[in-house]
Undergrad: 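Below are the structure tokens for one structure; questions will follow.
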Amino acid sequence: QVRLVESGGGPVQAGGPLKLPCTPGGFLKNTCAMGWYRQAPGKERELVSTIDNDNITWYADSVKDRFTIYPGNARLSVHLQMDSLEIEDTAAYFCGACPPVVEGTLYRWWGQGTQVTVSP
């Protein structure tokens, strides 16, 4: 369900940076694994990056060395720094928090999404 708030998306030229912050809006009281995923029309939902309670990070091969995930205050928020953006990065980006409880979902909570559109 939508409980998180992400922002920072918008149009950007290829090669440029964007930073996407994600906050829980005050409802999240305990830390849990968090991450970002994206979805584009005609493509499978793709998990982009994750960070666990020990601050161990993971990145999809498609974004490795270009994106960086890092926690905010008390790990109750998370940020995604995107550099060297490519056309293929165009998608709606969603942050998520905590293990899923519904089949077919990646996280227990997620945001409304923020659109990133990369132009040539």
Side-chain angles (χ1 to χ4, degrees):
Q1 59 181 300
V2 178
R3 295 294 300 275
L4 310 178
V5 179
E6 63 271 84
S7 60
V12 62
Q13 289 186 334
L18 280 177
K19 183 164 69 177
L20 308 181
C22 172
T23 60
F27 85 95
L28 189 63
K29 303 301 181 183
N30 299 305
T31 62
C32 61
M34 304 184 75
W36 288 85
Y37 64 93
R38 64 188 181 185
Q39 191 157 37
K43 296 184 178 180
E44 295 285 334
R45 182 177 55 196
E46 180 184 22
L47 187 63
V48 171
S49 184
T50 64
I51 183 167
D52 67 13
N53 282 334
D54 295 316
N55 287 337
I56 297 174
T57 59
W58 171 91
Y59 300 92
D61 288 342
S62 58
V63 306
K64 194 175 182 64
D65 299 323
R66 298 190 298 116
F67 291 9
T68 304
I69 189 170
Y70 58 95
N73 293 337
R75 283 206 68 256
L76 296 179
S77 62
V78 65
H79 304 258
L80 185 68
Q81 175 67 49
M82 306 185 294
D83 295 306
S84 301
L85 284 164
E86 302 171 353
I87 299 297
E88 293 76 15
D89 295 319
T90 296
Y93 284 73
F94 301 82
C95 63
C98 305
V101 295
V102 176
E103 184 179 357
T105 61
L106 295 176
Y107 290 97
R108 183 172 185 180
W109 297 291
W110 56 88
Q112 79 286 349
T114 186
Q115 179 67 36
V116 174
T117 303
V118 185
S119 62

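As a basis for the values below, the full set of heavy atoms in this structure was taken, side chains included, without hydrogen atoms, waters or symmetry mates.
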Undergrad: Any chain of hydrophobic side-chain contacts (each under 4.5 Å) joining I69 to V63?
TA: yes

Undergrad: First locate atom OH of Y37, then atom OG1 of T105, and finally report the distance between them rounded to the nearest 0.5 Å.
TA: 8.5 Å

Undergrad: Looking only at heavy atoms, which two atoms of L18 and G8 are closest? And how far apart?
TA: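 That closest heavy-atom pairing would be CD2-O, 3.6 Å.
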
Undergrad: Is there a side-chain contact between N55 and P71, using heavy atoms and a 4.5 Å cut-off?
TA: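 Yes. Closest side-chain heavy atoms under 4.5 Å.
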
Undergrad: With side chains defined as the heavy atoms from C-beta onward, is the minimum distance between Y107 and P100 less than 4.5 Å?
TA: no

Undergrad: Would you say W110 and V2 make side-chain contact, with heavy atoms under 4.5 Å?
TA: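 They are in contact (side-chain heavy atoms under 4.5 Å apart), so the answer is yes.
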
Undergrad: Quick check for you: to the nearest 0.5 Å, what is the distance between E88 atom CD and R38 atom CZ?
TA: 9.0 Å

Undergrad: Closer than 3.5 angstrom, by distance alone: can the side chain of D54 be matched with the main-chain N or O of I56 as a donor-acceptor pair?
TA: no

Undergrad: So, the side chain of E6 versus the backbone of G113: is there a donor-acceptor pair under 3.5 Å, distance only?
TA: yes

Undergrad: How many angstroms lie between atom NZ of K64 and atom OG of S49, to the nearest 0.5 angstrom?
TA: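 Answer rounded to 0.5 Å: 9.0 Å.
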
Undergrad: Looking only at non-hydrogen atoms, find the nearest pair between W109 and L28 and report the distance.
TA: CZ3-CD1, 4.0 Å

Undergrad: Just by modelled atom types, is the N30 backbone N or O under 3.5 Å from a matching donor or acceptor in the R75 side chain?
TA: no

Undergrad: Would you call Q13 and L85 a side-chain contact if the rule is heavy atoms closer than 4.5 Å?
TA: no

Undergrad: Between the main-chain N or O of S84 and the side-chain N or O of R66, is there a donor-acceptor pair closer than 3.5 Å?
TA: yes

Undergrad: Mind checking whether Y59 and V118 sit in one hydrophobic cluster, side chains of I, L, V, M, F, W, Y counted as touching below 4.5 Å?
TA: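 Yes, Y59 connects to V118 through the hydrophobic network.
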
Undergrad: What I'd like to find out is whether the side chain of R45 reaches to under 4.5 Å of the side chain of F94, using heavy atoms alone.
TA: no

Undergrad: Do L4 and L76 land in one hydrophobic cluster if side-chain heavy atoms of ILVMFWY residues count as linked below 4.5 Å?
TA: yes

Undergrad: Just by distance, with hydrogens left out, do S62 and E46 show a side-chain donor and acceptor under 3.5 Å apart?
TA: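 On atom types as modelled, these side chains qualify, holding a pair under 3.5 Å.
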
